[in-house]
Amino acid sequence: ATLTPEQAADDVDAWQVARGPSMARMMVAVCGAAWKWGRHPRRRLVAGPCPFTSADLDRAGGRTVIWSVAQAEAAVAANARLGFHDVADAITLMEWTGAAPVDLCAATLDQLAGPTWSYRRSKTGKTAIPGISAPARARLDRRASYDWTSAGAAPIHRLVLAHPQTGAALSPVALRRRFNQALDQALRAARAGQLPAATAQVLETIHSQGLRLPDLRDTCITRLRGAGISAARTAQWVGHTEAGCEELWQKHYAIPLEQQ
């Protein structure tokens, strides 16, 4: 039997509701181009090897793609409580530095030891110089003082992100997998009444909105501009262009605010 693009799109929506974002993403990967074609008209398709490209377009077309402060705090607290310290570290550091997963996975504690972190973005080669704020510093200090002996592991590296049980370095793919596992486990704990009601409610919004780790980059850019930071400094902070930062600011905050 042939799966039509329309059927693929409908099935992805159904799996998102019934089985959660992890299974829906798996189906997107399986359907690939067929899902993209069914989900978006020809004029909106963007060429690229990643089957999630058009999913991102769908999100930008009207869905919320930035994390609220409450969502980030709830996710960090739940992940830390459940032992996913690496995911909690990633959420906080991406939220406050705007770094992409690939760049954060390659970062070392020594590189982030000062008041700023200067690095060259893997994707574009542009230099980014984010400041290390208090929430980021707190997570970095926790990571630096982590007792690997009690965890039964001893990492031979000083990477910022490492598996808390094995000490293994995390690739962007492994980090994304850990994030999905952490969210699924946190949701199960919340629905079983093992987490505070307020935390459970916020976790449900993260799940329903399909928020992802890469969305934290847009979140950081939007918050910097919303705090009155210039487009030039914001662009320097995240290693983006001024025009790109301004576009994100308009799309995620200014225009929705006018509509409200």
Side-chain angles (χ1 to χ4, degrees), residues 13-25 55 58-60 62-99 101 104 132-143 145-146 160-161 163-165 170 175-227 248-249 251-254 256-257 259-260:
D13 290 337
W15 277 67
Q16 176 89 6
V17 174
R19 301 298 296 275
S22 298
M23 294 302 296
R25 291 190 187 99
D58 182 52
R59 299 165 66 79
R63 295 181 60 188
T64 300
V65 294
I66 60 174
W67 290 65
S68 70
V69 174
Q71 287 171 330
E73 289 179 347
V76 169
N79 287 328
R81 180 170 179 172
L82 295 172
F84 289 90
H85 295 289
D86 50 331
V87 178
D89 291 342
I91 291 174
T92 301
L93 291 170
M94 290 177 63
E95 175 191 10
W96 288 93
T97 67
L104 189 58
I132 303 301
S133 55
R137 177 57 60 202
R139 295 303 304 182
L140 289 168
D141 290 344
R142 183 218 62 82
R143 166 67 180 86
S145 61
Y146 188 71
V160 170
L161 297 183
H163 194 292
Q165 278 76 50
L170 294 176
L175 178 59
R176 183 170 64 245
R177 187 183 303 116
R178 291 276 297 169
F179 172 79
N180 293 334
Q181 292 173 347
L183 179 57
D184 290 343
Q185 188 168 327
L187 284 170
R188 288 197 297 269
R191 292 166 181 171
Q194 299 171 359
L195 295 176
T199 300
Q201 184 176 4
V202 176
L203 290 174
E204 291 291 351
T205 66
I206 295 173
H207 169 70
S208 63
Q209 292 175 7
L211 293 177
R212 312 163 308 157
L213 276 175
D215 295 329
L216 288 162
R217 178 170 169 79
D218 286 5
T219 300
C220 180
I221 292 173
T222 303
R223 288 189 191 171
L224 287 171
R225 293 292 290 117
L248 288 170
W249 160 252
K251 179 173 66 177
H252 294 326
Y253 186 84
L257 184 63
Q259 293 173 344
Q260 291 175 7

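Along the sequence shown, residues are numbered consecutively beginning with 1. The figures here come from the full heavy-atom set of this structure, side chains too, leaving out hydrogens, waters and symmetry mates.
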Hey, can you pull the donor-acceptor pairs under 3.5 Å for the side chains in residues 91-99, sequence neighbours left out?
| residue | atom | partner | partner atom | Å |
| --- | --- | --- | --- | --- |
| Thr92 | OG1 | Ala88 | O | 3.2 |
| Glu95 | OE2 | Arg223 | NH1 | 2.6 |
| Glu95 | OE2 | Arg223 | NH2 | 3.4 |
| Thr97 | OG1 | Leu93 | O | 2.5 |
| Thr97 | OG1 | Ala99 | N | 3.2 |

Which of these passes side-chain contact (heavy atoms from CB on, under 4.5 Å) with Leu104: Leu161, Leu170, Leu216?
-> Leu161

So, taking the atom named [atom1] in [X] and the one named [atom2] in [Y], what distance separates them when rounded to the nearest 0.5 Å?
X: His85; Y: Gln165; atom1: NE2; atom2: CD; value: 8.0 Å
X: Arg139; Y: Ile132; atom1: CZ; atom2: CD1; value: 14.0 Å
X: Phe84; Y: Leu183; atom1: CZ; atom2: CG; value: 10.0 Å
X: Leu82; Y: Arg188; atom1: CG; atom2: CZ; value: 9.5 Å
X: Thr219; Y: Leu213; atom1: OG1; atom2: CG; value: 10.5 Å

Quick one: are [X] and [Y] in side-chain contact, heavy atoms under 4.5 Å?
X: Arg178; Y: Pro164; answer: yes
X: Leu224; Y: Ile221; answer: no
X: Asp89; Y: Arg142; answer: yes

Which pair of heavy atoms, one from Leu203 and one from Ala75, lies closest together, and at what distance?
-> CD2-CA, 4.3 Å

Backbone N or O of Arg212 within a donor-acceptor pair of the Asp215 side chain at under 3.5 Å?
-> yes

Hey, could you give me each pair passing salt bridge (charged side-chain N to carboxylate O under 4.0 Å, His left out) that has a residue in residues 75-84? Not counting sequence neighbours.
-> none

For residues 190-202, which side-chain donor-acceptor pairs fall under 3.5 Å, sequence neighbours excluded?
| residue | atom | partner | partner atom | Å |
| --- | --- | --- | --- | --- |
| Arg191 | NE | Glu204 | OE2 | 2.7 |
| Arg191 | NH2 | Glu204 | OE1 | 3.1 |
| Arg191 | NH2 | Glu204 | OE2 | 3.4 |

